[in-house]
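Have a look at the structure below, then the notes.
Note on naming: letters A, B, ... go to the chains in the order of the sequence lines (proteins, then strands), and numbering restarts at 1 for each one. Everything quoted here is computed from the prediction, not taken from an experiment.
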Amino acid sequence: MEIEDILKEAIRDAASSAIKDGVFPDGELAEVELSVPPKKEFGDYATNFAMQSARTFHMNPRKIAEEISSRITGDWLDHIQIAGPGFLNFYLKTDVLYDSFRKALEKGDAYGNLPHKDTERIMVEYVSANPTGLLHVGHGRGAAAGSALVNLLRAAGYPVYSEYYINDAGSQIDNLAASVNARYLELLGEQAVFPENGYHGKDIIDTAKRIISKDGDKYLHMQESERLKIFKELALKEKLKALREDLEEFNVTFDNWFSERTLHPNMVRDAVEELKANGNIYEEKGALWLRSTKYGDDKDRVVIRDNGVPTYLAADIAYHKNKFDRGFGRLINIWGADHHGYVCRVKAAMKALGYEPDKLEIKLLQMVSLFRGGELVKMSKRTGTSVTLEELIDEVGTDAARYFFLMRSLDSQLDFDLDLAKSHSNDNPVYYIQYAHARIMSVFRQAAEEHILEGDAPKLELLTDESEKKLIKKILSYEQEIEKAAADCAPHHIARFAYDIASDFHSFYSRCRIIGVDEELASARLALLRGTAHVIEHALGILGVSAPDKM
RNA sequence: GCGUCUGUAGCUCAGUUGGAUAGAGCAACGGCCUUCUAAGCCGUGGGUCGAGCGUUCGAGUCGCUCCAGUCGCACCA
């Protein structure tokens with residue numbers, strides 16, 4: 001059992017026994033929360049349990065704290081201090097620290113991977129950009145956030161599955177075909193009218209060029225409707241391939257790519273029928289409307305247009321129903337904040353279908369603004385002048401781009417400083433972390449050359465410097481950090497943690513030498529480095545950032 | 001007008017679910033390389049947590065009202 005659990009149990013037991021003895025009134029125990037105090041003068045761990053209980057027990061918190069304190073003993077405990085309004089500060093015997101660290105080291109590469117959780121299966125859907133253009137930096141943030149969240153949940157032991165929803169069925173795909181068609185004709189010197197809602201990106205021209213280089217003017221003289229049909233499939237195939245490659249380059253992969261087409265017509269029809277059957281659909285002006293106002297939406301929404309064609313919402317309802325039907329009990333979607341108006345109606349539809357709306361969690365990602373030379377870089381998908389994800393990767397690299405996307409909470413708008421991201425300087429947090437890892441690896445190389453080894457049973461008790469103890473505590477807090485970050489769906493906590501442990505390492509490194517000190521101490525320090533390097537690598541792995549051996 | 005998110009040091013942001021004297025990085029200033037990577041370390045200064053009211057032992061955190069910015073409010077996707 002980990003020390004945190006031992007502590008929590010001891011506190012609960014103390015409170016229960018006090019209740020049993022009639023010192024505390026009978027009642028439900030508050031949740032025991034442990035924290036690492038802001039200052040080391042406040043001990044190794046602290047709890048506000050006495051203050052939390054003050055309300056239910058109707059007692060002075062310090063009195064409660066004293067009572068609990070007097071009932072806790074253990075060979076791991078040095079002493080307990082009561083401080084402030086009623087904090088219980090625990091001072092542990094120092095060997096507890098080393099024992100815990102030894103256990104963490106014994107886990108080896110598995111440290112950081114929490115035991116499998118027997119919860120409902122989670123589906124994380126993210127990116128899901130239309131296959132009609134290039135990914136831009138906004139998609140990049142979604143891709144980084146989604147993949148990091150999947151990694152994080154997996155590390156925390158949740159059963160997770162990831163999916164990309166391909167909008168390959170709507171009118172935008174016809175538009176894609178028409179745009180490619182126009183470029184195709186243009187390139188062959190024919191007259192062409194560019195469609196009004198066409199896609200202007202240069203990738204469309206590239207697609208047309210590729211068709212020509214492969215098949216020449218083979219499609220020129222066929223009927224336009226026939227040509228559009230062929231181009232639709234060719235363009236779609238190519239766009240998907242490009243999307244997949246761009247995302248792989250960005251360390252983003254999916255368990256499944258889900259085609260909207262497979263929903264049509266059966267699953268869409270079934271979903272609408274079901275809504276009709278339970279009275280949540282009505283007809284008006286020739287269209288079928290979802291009674292979403294009944295479930296908190298501010299207006300009802302059309303699901304089947306007056307021309308009989310289902311709306312995007314109808315497909316989306318069918319899709320989310322399908323996710324539940326496939327056995328996922330918890331759905332997490334990552335959307336750009338510009339889609340927030342859509343949240344309410346999808347949730348309303350789920351409610352109307354009888355699903356628990358809280359089982360669909362929609363995380364909204366705030367917008368990204370790029371800055372170069374202190375100036376805002378404007379982006380617009382339509383004109384094709386935006387900064388694409390591919391360009392971003394070319395400019396700053398996958399590691400820096402991912403880290404920058406992940407260092408802020410999803411809720412806050414992101415100012416992405418391109419100059420900072422590509423600077424190879426100490427201003428750049430991603431290099432700071434990677435440098436810590438590279439430094440450790442360098443020490444290992446050097447140590448091996450000089451035949452300095454960690455050995456089988458390093459004497460960890462020799463690690464008594466303040467910086468060493470701080471680093472050990474940091475390593476020991478990692479799994480708790482994973483647990484919490486996963487519970488909050490907050491990958492940015494891991495980004496911050498990685499930075500903090502790198503900082504603790506650099507601090508240690510400048511105070512303590514590894515090579516050239518007493519043999520036993522050197523072994524213990526190598527063990528500390530091994531633990532540190534592993535945690536940094538693991539944390540960066542969650543973020544999808546590499547941990548280089550050399551820089 | 002309605003809704004979303006945001007507002008914390010000069011700048012960019014954290015803030016452990018309501019706890020102890022609000023923290024990092026950058027920028028500014030001052031130190032540290034004959035020894036394992038100076039892409040590093042150590043130190044100094046810097047705050048009306050947008051404003052106000054409320055909830056309570058206790059509020060940056062919760063509620064209400066304002067102010068400012070952001071994104072949205074389709075039989076588009």
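Candidate nucleotides B:U12, B:A77, B:G15 were compared by shortest atom distance to the side chain of A:H493, and B:G15 ranks first. In the set B:A20, B:C41, B:U17, B:A20 carries the atom at the smallest distance from any side-chain atom of A:N89. Of the candidates B:A39, B:A74, B:C13, the closest approach to any side-chain atom of A:Y431 belongs to B:A39. Candidate nucleotides B:A20, B:C41, B:U17 were compared by shortest atom distance to the side chain of A:S507, and B:C41 ranks first. Out of B:A14, B:A20, B:A39, the shortest distance to the side chain of A:A46 is found at B:A20. Closest to the side chain of A:Y499, from the set B:U37, B:A24, B:A77, is B:A24. In this structure, of B:A14, B:U37, B:C75, it is B:C75 that holds the atom nearest to the side chain of A:T311.
Remark: the separation of the P atoms in B:C53 and B:A20 is 23 Å, to the nearest Å.
A:L376 has its CG atom 16 Å from the P atom of B:G69, to the nearest Å. The nearest whole Å value for the distance from the CD atom in A:Q52 to the C1' atom in B:G58 is 11 Å. In this structure, A:R345 places its CZ atom 11 Å from C1' of B:A77, rounding to the nearest Å. In this structure, A:E483 places its CD atom 14 Å from C1' of B:U16, rounding to the nearest Å. Here B:A24 presents its P atom at 9 Å from CZ of A:R496, a figure rounded to the nearest Å.
When each of A:H506 and A:E41 is assigned the nucleotide of RNA chain B bearing its nearest heavy atom, the one mapping closer to the 5' terminus is A:E41. Where A:L414 and A:T47 meet RNA chain B, the nucleotide closest to each residue was compared, and A:L414 sits on the side nearer the 5' end.
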Give every pair of a protein N or O atom and an N or O atom of nucleotides 33-36 of chain B that lie under 3.5 Å apart, one pair per line with the distance.
from: B:C36; atom 1: O2; to: A:I514; atom 2: N; distance (Å): 3.4
from: B:C36; atom 1: O2; to: A:I515; atom 2: N; distance (Å): 3.1
from: B:C36; atom 1: N3; to: A:I514; atom 2: N; distance (Å): 3.2
from: B:C36; atom 1: N4; to: A:Y509; atom 2: O; distance (Å): 3.0
from: B:C36; atom 1: N4; to: A:C512; atom 2: O; distance (Å): 2.8

Could you run down the sub-3.5 Å N/O contacts of the protein with nucleotides 3-6 of chain B?
from: B:G3; atom 1: N2; to: A:H340; atom 2: ND1; distance (Å): 3.4
from: B:G3; atom 1: N2; to: A:H340; atom 2: NE2; distance (Å): 2.5
from: B:G3; atom 1: N3; to: A:H340; atom 2: NE2; distance (Å): 3.3
from: B:C5; atom 1: O2'; to: A:D411; atom 2: O; distance (Å): 2.6

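Remark: A:P310 pairs with A:H264, A:V268, A:I304, A:A314 by the side chain to side chain contact (heavy atoms under 4.5 Å, CB included) rule, at least two apart or across chains. The side chain to side chain contact (heavy atoms under 4.5 Å, CB included) check on A:D297 picks up A:S292, A:R301, A:C344, A:R345, with sequence neighbours excluded. Qualifying side chain to side chain donor-acceptor pair (under 3.5 Å) partners for A:Y509, counting only residues two or more places apart in sequence or in other chains: none. The salt bridge (charged side-chain N to carboxylate O under 4.0 Å, His left out) check on A:R372 picks up A:E395, with sequence neighbours excluded. Under the salt bridge (charged side-chain N to carboxylate O under 4.0 Å, His left out) criterion, A:E283 pairs with no residue at all, not counting sequence neighbours. Applying the ring-ring contact (aromatic ring centres under 6.0 Å, His included) rule to A:Y126 yields the partners A:F254; only residues at least two apart in sequence or on another chain are considered. Judged as a salt bridge (charged side-chain N to carboxylate O under 4.0 Å, His left out), and not counting sequence neighbours, the contacts of A:E454 are A:R530. In this structure A:H534 satisfies the ring-ring contact (aromatic ring centres under 6.0 Å, His included) test together with A:H538, sequence neighbours excluded. With sequence neighbours left out, the salt bridge (charged side-chain N to carboxylate O under 4.0 Å, His left out) criterion links A:D300 to no other residue.
In this structure, A:A54 reaches neither bases nor backbone, as no heavy-atom distance under 4.0 Å exists between it and the strands shown.
Salt bridge absent: A:K323 and A:E163 never bring a charged side-chain N and a carboxylate O closer than 4.0 Å. The pair A:K276-A:E273 counts as a salt bridge, with a side-chain nitrogen and a carboxylate oxygen less than 4.0 angstrom apart. Salt-bridge check for A:K473 with A:D44: passed, with a basic side-chain N closer than 4.0 Å to an acidic carboxylate O. A salt bridge is defined here as a Lys NZ or Arg NE, NH1 or NH2 lying under 4.0 Å from an Asp or Glu carboxylate O, and A:D465 with A:R511 meets this definition.
Neither OP1 nor OP2 of B:U16 sits under 4.0 Å from any side-chain N or O of A:H492. At least one side-chain nitrogen or oxygen of A:S409 sits closer than 4.0 Å to the OP1 or OP2 atom of B:A14.
Residue side chain A:F42 meets the stacking definition with respect to B:A20: its ring centre sits within less than 5.5 angstrom of the base's six-membered ring centre, and the planes differ by less than 30 degrees.
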Pairing string of RNA chain B (Watson-Crick or G-U wobble, both atom distances under 3.5 Å; | = paired to other strand) is (((.(((..((((.....[...)))).(((((.......))))).....(((((..]....)))))))).)))....
